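Single-structure report; data block below.
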Protein chains: 2
Amino acid sequence: MSIQVQAVQQAFRGQTVLDNLNLTIKPNTIYGLLGRNGAGKSTLLNIISNRIFADSGTVTMDNESMCDNDRTLGKVYLMSEVNLYSERSRVKQLFKTTALLYGDFNDTYAKKLAQTFGLDLNARFGKLSTGYRTIFKLIIALCVPAEYIFLDEPVLGLDANHREIFYQELIETYSDHPRTFVISTHLIEEITNLIEHVFVLDHHHIIVDGDVTDILGQSYAVTGPQTDVSTYTDGLNIIGKDHLGGITAHYVYGPLDNDRPIPDTVTVEHLDLQKLFVNLTNTKEEAAAHVN
Amino acid sequence: MSIQVQAVQQAFRGQTVLDNLNLTIKPNTIYGLLGRNGAGKSTLLNIISNRIFADSGTVTMDNESMCDNDRTLGKVYLMSEVNLYSERSRVKQLFKTTALLYGDFNDTYAKKLAQTFGLDLNARFGKLSTGYRTIFKLIIALCVPAEYIFLDEPVLGLDANHREIFYQELIETYSDHPRTFVISTHLIEEITNLIEHVFVLDHHHIIVDGDVTDILGQSYAVTGPQTDVSTYTDGLNIIGKDHLGGITAHYVYGPLDNDRPIPDTVTVEHLDLQKLFVNLTNTKEEAAAHVN
């Protein structure tokens, strides 16, 4: 029972946001959805959750359209950046309303999480700080009985301790009761060990779609004197370069040339996911800004 | 010309937020203001910027009250989490309005920054994503002619590349034209090298107020077999503990005992700012959650 996104196309006022997008989201998997500010991550999540309609293309669950389909949509939950809650409602009232909407809302877990995060059940939603609004929405997302849960910026405004609690609770609830989470975040290094599969959305397309271990296995930093590095990486897929003093680094995504010996002066190491992402999605203007 | 916060007291509906708070903000210095979610950082910044009034206590600039004082308030700018802008206004109109309000608004720099960050000058504020709303507010904060600039969550929703651009631009504009920045953020490790002085707000009080180098100089991780670590740290100011397999870590804030030899089995290293902060501000419930 997978979700299939096929040939999805979306534009706003003549500007392309998503261009012929295809991807598959499988059951019981934790995904990362990465992309620059404005890349269209929220738009994609809104389309999958039927909150907005794509200009063309389809979103299906086992060949059944998810568009205005109560049966499939009950299986999907989107925690979004938008605050849909009444400013005057109290946290405990909003938990109750959600429980009425979703028959199997886990009220016990919600109350336990509220205590762990220090969220006051009597506070009004409108009086919560940025961080606590996120915490409130996170708790609901972890307690609804959906099989596909989309978390759009789940740690927005959260302090380091609260982020750590969230990651631990996610692992725990996933182990107790496996389901699919798709996490869209800018704190990439913090989720690397949580996610199994990563999508990178850039310039309207999915440019990376794969297993995290496989992807990091073919991401390299080649460091050393400029001439030696350039000779070694010639013809490889260089996605970025750095220079510091007399040392040059070339970042390579894709296979190395196994016939080519690594010079003694050159070090080859794997990149982490954040560094890979930054290099894959860096634009030329910014690369220039980095050098200035 | 420093800002003095003296004996500031603030409560909301009977709950203490700030309790007898004292601090000094000096000219031409970059500060970090750290605190857990809900610690009262935004409240403090709002009081200093005269957006809300403290229940008691004073905020002065060279002994002159900053409360409703046009002369001192023109020197202060708060970039806040709240979005005060009309949803329908375009970015370029909002820049113009700001320039009219602030005589010396640096319009050239604002346009250059908009280009570097990829902010569309024709976009309406209401159509900007979370990240681009932050970018828009950041640009204004960097271009107003204030001498004290308070940045409340300046990287909220920013991707890794945009955060890096912001840190570099901050250093550059500060070098060109020194003034004071107070940065309130949850991405502590990213600002450690930017800030000179740090305030930590916890449970209504400032619990750390000092030079970053001095503070990290007296923050230690003592690691090794449990018995040896406990013997070595006995009587020191232990702010946190970790256990992993047979290894124990005690985190110490404050002087070590120089008369006490370090056992061969024990390693003593300095903590980074994020780790120090997490241990100083961790509550017991959460410490338990971390262990579970």
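Reminder, nothing fancy here: chain letters follow the sequence lines and each chain counts from 1. Quantities reported herein were computed from a predicted structural model and do not represent experimental measurements.
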Measure the shortest side-chain to side-chain distance between A/His186 and B/His162 over non-hydrogen atoms and say whether it is less than 4.5 angstrom. no
Is the shortest side-chain heavy-atom distance between B/Leu156 and A/Glu153 below 4.5 Å? no
B/Ser129 versus A/Gly38, closest heavy-atom pair with distance: OG-N, 4.4 Å
What part of B/Leu158 gets closer than 4.5 Å to chain A, counting heavy atoms only: side chain, backbone, both or neither? both
Residues forming a side chain to side chain contact (heavy atoms under 4.5 Å, CB included) with A/Ser184, sequence neighbours excluded: A/Leu33, A/Lys41, A/Leu45, A/Asp152
Would you give me the side-chain donor-acceptor pairs under 3.5 Å for residues 200-208 of chain B, sequence neighbours excluded?
{"unit_1": "B/His204", "atom_1": "ND1", "unit_2": "B/Thr16", "atom_2": "O", "d": "3.3"}
{"unit_1": "B/His204", "atom_1": "ND1", "unit_2": "B/Val17", "atom_2": "O", "d": "3.2"}
{"unit_1": "B/His205", "atom_1": "ND1", "unit_2": "B/His203", "atom_2": "O", "d": "3.0"}
{"unit_1": "B/His205", "atom_1": "NE2", "unit_2": "B/Asp19", "atom_2": "OD2", "d": "3.3"}

Name the region of B/Phe277, side chain, backbone, both or neither, that has any atom closer than 4.5 Å to a heavy atom of chain A. side chain
Without swapping roles, check the side chain of A/Asn37 against the backbone of B/Gly157 for a donor-acceptor pair under 3.5 Å. yes
Atom CG in B/Asn282, atom CG in A/Asp159: separation rounded to 0.5 Å? 9.5 Å
Is it the side chain or the backbone of A/Leu34 that comes within 4.5 Å of chain B heavy atoms, both, or neither? neither
Under 4.5 Å to a heavy atom of chain A? For B/Ser42 that would be neither
